[in-house]
Amino acid sequence: MSLILTDAMKKFFVLPVLAAVLASCGQGAWTPEERSIIVEQDSLMNVLTMPGDSAVLRAKSIDLTQAELRSEELRTLIAKLRYTVTDPSQDGVGISAPQVGLSRRVILVQRFDKEGEPFEAYVNIGIDSLYGETTHGREGCLSIPGKVGTVPRSSKVDIHYTDPESLQILRETVEGFTAIIFQHECDHLEGILYTDRADSVWSR
């Protein structure tokens, strides 16, 4: 026996199911608040600072979905993060999405270990292991202006991340000063600030 759906039956059965499927596809997409931060802010984004913005800076970040990885919003965010961190008013060596109000696992790191020392974006990044010699180096942070500290960090780090261009999951070992930047920026994604790990902190 074949089933023929009348227009009335389609309206009653098919349309609600289609609506539910479309709604589920939209789950995990950028929220209106996130989209506003990404799209409506100037290229030089507002960098959150302690202690006033501690609620956001102390929150744990979440991964981007497949839809978000392919979105124009991510491309815009990466471009604006790069513009912000390299602006003379900031002049940083790394920046994370939480620092501009987005609890998402996106960071930019200046690769001092590569020719030209480029700023590169890392999405859905995580640290797999820390090893090597522990160094105690000087660190500052765009979100804690006017302060510096001495922080113990590992000299080598294994990371995994999604490449924002190919969308492939990649793994890499990084050493030296660049490894320290990765640790600092990945800490931001966990709501951790360098002052939490510092041996000492003082005013510039």
Side-chain angles (χ1 to χ4, degrees), residues 30 34-50 52-53 56-57 59 61 64 68-127 135 137-149 151 153 157 159-167 170 172 174-195 197-198 201 203-204:
W30 302 101
E34 289 174 326
R35 190 172 289 107
S36 175
I37 291 172
I38 295 169
V39 176
E40 295 179 12
Q41 282 200 33
D42 293 334
S43 295
L44 181 59
M45 303 184 80
N46 177 47
V47 176
L48 305 187
T49 58
M50 292 289 286
D53 298 309
V56 178
L57 292 171
S61 297
L64 276 68
E68 291 160 353
L69 287 168
R70 294 180 171 87
S71 68
E72 187 60 33
E73 286 89 346
L74 176 59
R75 314 287 168 243
T76 300
L77 173 61
I78 289 172
K80 288 186 175 182
L81 284 173
R82 182 177 286 111
Y83 186 93
T84 300
V85 73
T86 58
D87 187 84
S89 66
Q90 303 296 338
D91 194 26
V93 296
I95 193 169
S96 66
Q99 290 179 275
V100 296
L102 299 163
S103 297
R104 297 305 194 106
R105 300 190 73 84
V106 180
I107 67 171
L108 262 69
V109 169
Q110 187 167 12
R111 294 300 302 257
F112 288 98
D113 55 341
K114 292 186 177 182
E115 185 177 357
E117 301 180 350
F119 275 91
E120 295 182 351
Y122 299 86
V123 183
N124 292 352
I125 186 170
I127 291 178
T135 63
R138 178 172 165 173
E139 291 185 29
C141 182
L142 302 180
S143 293
I144 310 177
K147 299 284 186 180
V148 293
V151 186
R153 300 283 190 186
V157 58
I159 60 174
H160 68 270
Y161 59 93
T162 300
D163 179 76
E165 297 301 327
S166 67
L167 302 185
L170 304 177
E172 186 176 351
V174 186
E175 302 182 29
F177 181 54
T178 306
I180 293 172
I181 303 173
F182 272 102
Q183 292 169 67
H184 180 111
E185 300 307 330
C186 285
D187 271 353
H188 274 299
L189 305 181
E190 305 300 329
I192 299 170
L193 302 175
Y194 84 87
T195 49
R197 301 189 185 278
V201 178
S203 298
R204 291 179 190 267

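This chain uses plain numbering: 1 for the first residue, then up along the sequence. Only heavy atoms go into these numbers, but all of them, side chains included; no hydrogens, no water, no symmetry mates.
Heavy atoms only, all atoms of each residue included: Gln110 and Thr178 are closest at O-CG2, 4.0 Å. Between Ala179 and Val157, the shortest heavy-atom contact is CB-CG1, 3.6 Å. Between Val123 and Pro164, the closest heavy-atom pair is CG2-CB, 4.1 Å. When all heavy atoms of Ile127 and Cys186 are compared, the pair lying nearest together is CD1-CB, 3.8 Å. The two atoms that bring Leu81 and Val106 nearest to each other are CD1-CG1, 4.2 Å, heavy atoms only. Between Pro98 and Leu189, the shortest heavy-atom distance links the atoms CD-CD2, 3.7 Å.
For the atom pair NZ of Lys80 and CD1 of Ile78, the computed distance is 13.0 Å after rounding to the nearest 0.5 Å. Here the OG1 atom belonging to Thr84 is positioned 5.5 Å from the CD1 atom belonging to Ile95, to the nearest 0.5 angstrom. From Arg104, atom CZ reaches atom CD1 of Ile37 across 11.0 Å, with rounding to the nearest 0.5 Å. Between Thr49 atom OG1 and Leu142 atom CG the span is 10.5 Å, to the nearest 0.5 Å. The OG1 atom of Thr162 sits 8.0 Å away from the CG atom of Leu170 when rounded to the nearest 0.5 Å. In this structure, the separation between CD1 on Ile144 and OG1 on Thr195 is 4.0 Å, given to the nearest 0.5 Å.
Residues Glu34 and Leu77 fail the side-chain proximity criterion, which asks for heavy atoms closer than 4.5 Å. Inter-residue side-chain proximity for Met50 and Cys141 is flagged as unmet; no heavy-atom pair is nearer than 4.5 Å. Using a 4.5 Å cut-off on side-chain heavy atoms (C-beta onward), Glu175 and Asp113 make no contact.
The side chain to side chain donor-acceptor pair (under 3.5 Å) test applied to Ser143 returns Gln99, not counting sequence neighbours. Residues forming a ring-ring contact (aromatic ring centres under 6.0 Å, His included) with Tyr194 (at least two apart in sequence, or on another chain): none. Applying the side chain to side chain contact (heavy atoms under 4.5 Å, CB included) test to Pro118 and every residue at least two apart in sequence or in another chain returns Arg111, Lys114, Glu120. Every residue two or more places apart in sequence or in another chain that forms a side chain to side chain contact (heavy atoms under 4.5 Å, CB included) with Thr86 is listed here: Phe119. Tyr161 is linked by a ring-ring contact (aromatic ring centres under 6.0 Å, His included) to Tyr122, counting only residues two or more places apart in sequence or in another chain. The side chain to side chain contact (heavy atoms under 4.5 Å, CB included) check on Ser166 picks up Asp163, Gln168, with sequence neighbours excluded. For Tyr83, there are no ring-ring contact (aromatic ring centres under 6.0 Å, His included) partners two or more places apart in sequence or in a different chain. The side chain to side chain donor-acceptor pair (under 3.5 Å) test applied to Ser71 returns Trp30, not counting sequence neighbours. Under the side chain to side chain contact (heavy atoms under 4.5 Å, CB included) criterion, Glu72 pairs with Arg75, Thr76, not counting sequence neighbours.
Listed by first and then second residue, the side chain to side chain donor-acceptor pair (under 3.5 Å) pairs involving residues 35-46 are Arg35-Glu73, Ser36-Glu40 (not counting sequence neighbours). Sorted by first and then second residue, the pairs that involve residues 92-116 and meet ring-ring contact (aromatic ring centres under 6.0 Å, His included), not counting sequence neighbours, are Phe112-Phe177. For residues 177-194, the salt bridge (Lys or Arg N to Asp or Glu O under 4.0 Å) pairs, not counting sequence neighbours, are Arg105-Glu190, Arg153-Asp187, Asp187-Arg197.
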